[in-house]
Trainee: 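Quick one: the structure is below, and I'll ask about it shortly.
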2 protein chains.
Amino acid sequence: MVTEHPGRESADTDLTRALAREIYASVANKWALLLINVLADRTLRFTELQTQVGGISHKMLSQTLRHLERDGLVDRTVHPVVPPRVEYRLTEAGQALRTTVNGLCTWTHTYLDHIEEARRRFDSARAV
Amino acid sequence: MVTEHPGRESADTDLTRALAREIYASVANKWALLLINVLADRTLRFTELQTQVGGISHKMLSQTLRHLERDGLVDRTVHPVVPPRVEYRLTEAGQALRTTVNGLCTWTHTYLDHIEEARRRFDSARAV
DNA sequence: CGGTATCCGACGAGATACTG
DNA sequence: CAGTATCTCGTCGGATACCG
């Protein structure tokens with residue numbers, strides 16, 4: 001499906017390979033990034049994650065966590081106690097994403113008003 | 001829909017507000033990030049964008065471009081010639097995202113093999 | 001408490017065809 | 001060349017209910 005670009009110059013911005021593209025897409029995902037953001041430096045349990053993220057459903061939480069676990073971005077530790085206690089923390093690969101994710105958060109807050117106004121202008125211009 | 005978190009400490013990682021969350025989600029999007037990545041320093045035309053990104057459909061390209069334009073991340077310039085010539089370039093807000101997006105690309109390439117192996121381990125462990 | 005399964009609506013996204 | 005519209009289908013994502 002992905003077309004080959006033989007004469008591409010850029011090295012580390014090249015996402016033409018199927019696998020790279022797929023991984024890029026899986027992490028360029030709303031819930032995944034929000035979870036990484038919340039897990040930043042802490043170890044959190046399932047329910048804690050749900051309340052921290054806010055707005056994520058039970059299903060999406062476990063689903064996204066499993067994807068992140070599969071890709072080796074989060075580490076899942078099950079404590080054999082009752083009631084069960086499962087803890088999640090970022091692996092090294094996950095930690096390496098923190099800077100990027102944080103940049104996205106900062107950017108969002110920096111340009112929030114800017115974007116809000118851009119939308120107003122755009123919408124009122126089209127309303128004619 | 002978004003629950004209020006009165007006692008949240010972190011300032012610039014707070015995404016509990018509905019608008020912030022919505023903007024975050026709109027930019028934490030596969031096609032949007034790929035487009036920003038490709039537009040990095042160049043001004044590109046519609047068709048050029050399509051070939052550069054590779055794999056994006058006509059529809060998704062125009063749709064994503066309109067979202068980015070609405071949010072004031074890309075600038076759309078129409079040259080009144082025939083055949084029509086429309087050029088896209090990043091605005092200042094869009095440029096501000098370059099670092100972040102580039103970080104994501106670099107990360108993808110750095111951990112590509114790492115992730116591929118993590119997936120193999122995960123899948124074979126479950127196949128039991 | 002942590003997790004999966006099921007049902008079901010809403011939207012993402014490709015293919016195709018049609019205007020300026 | 002750039003863009004929109006329609007049609008279709010797969011996946012996202014919420015609600016609910018049920019196991020460990």
Side-chain angles (χ1 to χ4, degrees), chain A residues 1-3 18 21-22 24-35 38-39 43-70 74-89 122-123 125-128, chain B residues 1-3 18 21-22 24-35 38-39 43-70 74-89 122-123 125-128:
Chain A
M1 179 169 294
V2 172
T3 44
R21 178 68 71 94
E22 202 255 308
Y24 183 89
S26 79
V27 86
N29 159 317
K30 181 187 173 183
W31 295 128
L33 290 178
L34 281 171
L35 281 181
V38 165
L39 274 174
T43 297
L44 290 173
R45 301 177 58 179
F46 190 86
T47 327
E48 290 172 337
L49 278 169
Q50 187 162 22
T51 56
Q52 286 293 321
V53 168
I56 190 170
S57 70
H58 199 75
K59 175 189 175 183
M60 288 316 295
L61 178 56
S62 89
Q63 201 173 98
T64 311
L65 279 173
R66 295 196 56 90
H67 284 149
L68 292 175
E69 187 194 354
R70 184 170 110 100
V74 303
D75 201 31
R76 179 173 175 270
T77 316
V78 184
H79 299 276
V81 295
V82 30
R85 179 184 192 87
V86 183
E87 294 187 323
Y88 295 92
R89 57 177 248 274
F122 186 87
D123 292 343
R126 307 213 94 225
V128 185
Chain B
M1 179 166 296
V2 172
T3 44
R21 178 70 69 93
E22 201 255 310
Y24 183 89
S26 79
V27 88
N29 160 318
K30 179 186 175 183
W31 295 129
L33 289 178
L34 281 171
L35 281 181
V38 165
L39 273 175
T43 297
L44 290 173
R45 302 176 57 179
F46 191 85
T47 327
E48 290 171 339
L49 278 170
Q50 186 161 23
T51 57
Q52 286 293 322
V53 169
I56 191 171
S57 70
H58 199 76
K59 177 190 172 183
M60 288 316 294
L61 178 56
S62 90
Q63 200 172 99
T64 311
L65 279 174
R66 293 193 58 87
H67 284 148
L68 293 175
E69 187 194 354
R70 184 170 109 99
V74 303
D75 201 31
R76 180 173 174 271
T77 317
V78 184
H79 299 276
V81 294
V82 28
R85 178 184 193 86
V86 183
E87 293 187 326
Y88 294 91
R89 57 177 249 274
F122 186 88
D123 293 344
R126 307 214 93 225
V128 184

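Order of the sequence lines sets the chain letters (A, B, ...), proteins ahead of strands, with each chain counted from 1.
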Trainee: Go through A:V38 and A:E48 one step at a time and tell me if the side-chain contact (heavy atoms from CB on, under 4.5 Å) criterion holds.
Mentor: CA-CA 10 Å; A:V38 165; A:E48 290 172 337; over 6 Å; no
Trainee: In whole angstrom, give the distance that lies between atom CD of B:E87 and atom C1' of D:dC1.
Mentor: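 Nearest whole value for this atom pair: 13 Å.
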Trainee: Could you state the NZ-C1' distance from B:K30 to C:dA13, rounded to the nearest angstrom?
Mentor: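 Result: 9 Å.
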Trainee: Please enumerate all residues that pass salt bridge (Lys or Arg N to Asp or Glu O under 4.0 Å) together with B:E22, with sequence neighbours excluded.
Mentor: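 Listed in chain order: A:R119.
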Trainee: Using whole Å, what does the distance between atom P of nucleotide D:dG13 and atom CG of A:L34 come to?
Mentor: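 In whole Å, D:dG13 P lies 11 Å from A:L34 CG.
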Trainee: Side-chain contact test, heavy atoms from C-beta onward, threshold under 4.5 Å: evaluate it for A:L35 versus A:L68 and give yes or no.
Mentor: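 In short, these two side chains touch, coming nearer than 4.5 Å.
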Trainee: Quick one: list whatever passes salt bridge (Lys or Arg N to Asp or Glu O under 4.0 Å) with A:R85, sequence neighbours left out.
Mentor: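 Salt bridge (Lys or Arg N to Asp or Glu O under 4.0 Å) check on A:R85 returns A:E87.
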Trainee: By ring-ring contact (aromatic ring centres under 6.0 Å, His included), which residues pair with B:F46, not counting sequence neighbours?
Mentor: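 If we apply the ring-ring contact (aromatic ring centres under 6.0 Å, His included) test to B:F46, skipping adjacent residues, the hits are B:H58.
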Trainee: Just checking A:R85: base, sugar-phosphate only, or nothing, at a heavy-atom cut-off of under 4.0 Å?
Mentor: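 Result for A:R85 = nothing.
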Trainee: Rounding to a whole Å, what distance do you find between B:I56:CD1 and C:dG12:P?
Mentor: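 It is 14 Å, rounded to the nearest whole Å.
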Trainee: Stem finding on DNA chain D, please: runs of three or more consecutive Watson-Crick or G-U wobble pairs, both distances under 3.5 Å, sorted by first number.
Mentor: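 So far as stems of 3 or more pairs are concerned, DNA chain D shows C:2-20 with D:1-19.
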Trainee: Please enumerate all residues that pass salt bridge (Lys or Arg N to Asp or Glu O under 4.0 Å) together with A:R89, with sequence neighbours excluded.
Mentor: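 Partners of A:R89 by the salt bridge (Lys or Arg N to Asp or Glu O under 4.0 Å) criterion, ordered by chain and then number, come out as A:D75.
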Trainee: Rounded off to whole Å, could you give me the CZ-to-C1' distance for the A:R21 and C:dA13 pair?
Mentor: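 After rounding, the gap between these two atoms is 14 Å.
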Trainee: For residues 60-70 of chain B, which residue pairs qualify under side chain to side chain donor-acceptor pair (under 3.5 Å), counting only residues two or more places apart or in two chains?
Mentor: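 Every pair satisfying side chain to side chain donor-acceptor pair (under 3.5 Å) with a residue in residues 60-70 of chain B: A:D123-B:R70.
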Trainee: Can you tell me how far C1' of D:dC1 sits from CD of B:Q50, to the nearest Å?
Mentor: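 Atom-to-atom, B:Q50 to D:dC1, this comes out as 11 Å.
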Trainee: What residues, two or more places apart in sequence or in another chain, satisfy side-chain contact (heavy atoms from CB on, under 4.5 Å) together with B:V78?
Mentor: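 Once residues adjacent in sequence are excluded, the partners of B:V78 under the side-chain contact (heavy atoms from CB on, under 4.5 Å) criterion are B:R76, B:V86.
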Trainee: Rounded to whole Å, how long is the line connecting atom CG of B:L61 with atom P of C:dG14?
Mentor: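 The answer, rounded to whole Å, is 11 Å.
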Trainee: Each nucleotide in nucleotides 3-12 of chain D should get exactly one letter: B, S or -. Can you fill that in based on protein heavy atoms under 4.0 Å?
Mentor: BB--------
Trainee: Within this structure, what is the CG-CG distance for the pair B:L39 and B:L49, rounded to the nearest 0.5 Å?
Mentor: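 Taking CG in B:L39 and CG in B:L49, the distance rounds to 5.0 Å.
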